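Following: one structure in structure tokens, then a few remarks.
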Number of protein chains: 2
Amino acid sequence: MDAYEKLEKSRKRITESIAQNIHLYGLPPSAGRQFGMMFFENRPLTLDDMSAELGMSKTSMSTSIRSLSEAKLVDRVWERGVRKDLYEVKDDWYQIFVDMFTVKWRRAVSLHTAAIRKSLAELKELKKADDMTDELLAVIETDIEKLLYIREYYDWLDRLIDAFEDQKIFDLVPRLEEEA
Amino acid sequence: MDAYEKLEKSRKRITESIAQNIHLYGLPPSAGRQFGMMFFENRPLTLDDMSAELGMSKTSMSTSIRSLSEAKLVDRVWERGVRKDLYEVKDDWYQIFVDMFTVKWRRAVSLHTAAIRKSLAELKELKKADDMTDELLAVIETDIEKLLYIREYYDWLDRLIDAFEDQKIFDLVPRLEEEA
DNA sequence: TTGTACGTACAGTTTTTTCTGTACGTATTG
DNA sequence: CAATACGTACAGAAAAAACTGTACGTACAA
């Protein structure tokens, strides 16, 4: 094994490690491989570059680069004289984490909150129903209690996302370990 | 639509909302449905209960309850005189979030860190190789720089996980919004 | 204007994941 | 000691996701 092969092996280990954990970002392993490869290339790449490098179709590259882009793991960059789209990985992994966290959870909180609001309104209305029994009323009250509890939880989650988005999380957990 | 149907509709909305976001916990929608159903039942359930309630096989219930259990979303509970396994959802959603975060990310950090350590050692050794050229040496140095950077990042992530695990996150983002 | 290069929508295929039914090991009951 | 109840391993079926090749719309070049 020559030096170049050893270098490749070292890179491949890291890339595979990324590939096998990228599901935490909601992406399939191949997108992780794409990201890993781009991480070690020290230049923006075109879809054809990626296709050649990974031995996968250009269509796949196009699809997964969009996912990577939406998850804010890569940026499209521009270079004069180059007609093809160029992409490169973001270099601030702390920010990548914060962006992923923010994008994924904000969306979830939004969907959940809307559902809770609707159901709460329905249940409050339902309490007035003519055919209401004491038994059913008790169940409804319990459900309302549950919904109020999870609404409070989602409010906390929303504030947690704010703390990440506003970089306040770095006050709690500083980027650099203090020198001894 | 009678009152009971309206109640069901309200519950179903919440359950579906959970089902469609449970992928954030690395679980399939059906596990989310299972969790949602259990959330509204005010008693521990057996596998047969769940199977009947969701119209799915007992085998599936067994498999997904294990996933839910590993993700720390449900607990197995004991009741005297009952031979079947009983499960109920955890009632502290804040803690559920913290546990999920901790479990999933701790594992990722551990795997990544091991890979980085190995590759760093290899690259440092590789620098001494006989057939080393200036050009290749420069590439190796660049790779080492990259690995040192992401090692630092994973160290931060590890400390972030600590902050969740130690409940310090609730200092930064309190559970209850202060009264006005 | 015509020709060429590029990215992606779409349909079909392959691969992976989820779900089911059977069968079996263990534990409890009579 | 049976006999029964229970949970799950395992193999196959069904469903979902990922991947490919073709075809098309758009933009730039000549």
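In the text below, chain A, chain B and the rest are named by the order of the sequence lines, each starting its count at 1. The figures that follow rest on heavy atoms only: side chains count, while hydrogens, waters and symmetry mates do not. All values derive from a computational prediction rather than experimental measurement.
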- Query: Roughly how many Å is it from CD1 in A/I65 to P in D/dA18, rounded to a whole number?
  - Reply: 16 Å

- Task: Grab the NZ-P distance between A/K58 and C/dT8 for me, whole Å please.
- Result: 9 Å

- Query: Salt bridge check: are B/K90 and B/D92 linked by an N-O gap of less than 4.0 Å?
  - Reply: no

- Ranking A/R83 and A/S57 by the position along DNA chain D of their nearest nucleotide, the one closer to 5' is A/S57

- Task: Would you indicate which nucleotide in D/dC19, D/dG7, C/dG7 comes nearest to any side-chain atom of A/D48?
- Result: C/dG7

- Task: Would you kindly give the CG-to-C1' distance between B/L86 and D/dA5, to the nearest whole Å?
- Result: 15 Å

- State whether A/E16 and A/R33 are salt-bridged, where the test is any N-O pair (Lys NZ or Arg NE/NH1/NH2 against Asp/Glu carboxylate O) under 4.0 Å. yes

- Message: Regarding B/R159 and B/D155, does a basic nitrogen lie under 4.0 Å from an acidic carboxylate oxygen?
- Response: yes

- Identify which nucleotide among D/dC6, C/dG7, C/dA9 has an atom closest to any side-chain atom of B/K84, counting heavy atoms from C-beta outward. D/dC6

- Item | Interatomic distance where CZ belongs to A/R66 and P belongs to D/dA18 [whole Å] | 13 Å

- OP1 or OP2 of C/dT22 under 4.0 Å from side-chain N/O of B/T59: no

- Message: Please report the distance, rounded to the nearest Å, between CE in A/M61 and C1' in C/dA9.
- Response: 17 Å

- Query: Which part of the nucleic acid does A/T46 contact within heavy-atom distance under 4.0 Å: base, sugar-phosphate only, or nothing?
  - Reply: nothing

- Check whether any side-chain N or O of B/S60 sits under 4.0 Å from OP1 or OP2 of C/dT20, and answer yes or no. yes

- Taking B/S62 for the side chain and B/K58 for the main chain, is one N or O donor matched with an acceptor at less than 3.5 Å? no

- Query: Is the B/W105 ring parallel, tilted or perpendicular to the A/Y25 ring (thresholds 30°, 60°)?
  - Reply: perpendicular

- Note on the structure: Among C/dT18, C/dT20, D/dA18, the one nearest any side-chain atom of A/P28 is D/dA18

- Query: Atom CG of A/L68 and atom C1' of C/dT8: how far apart are they, to the nearest Å?
  - Reply: 16 Å

- Note on the structure: Between CG of A/L54 and C1' of D/dC19 the distance, given in whole Å, is 13 Å

- Task: Select base, sugar-phosphate, or nothing to describe what B/T63 touches, counting heavy atoms under 4.0 Å on all strands.
- Result: nothing

- Let me know the distance between CE of B/M56 and P of D/dT8, rounded to the nearest Å. 16 Å

- Item | Among C/dA9, C/dG7, C/dC19, the one nearest A/L47 by side-chain distance | C/dG7

- Check: B/S62 side chain, D/dG7 base, donor-acceptor under 3.5 Å: no

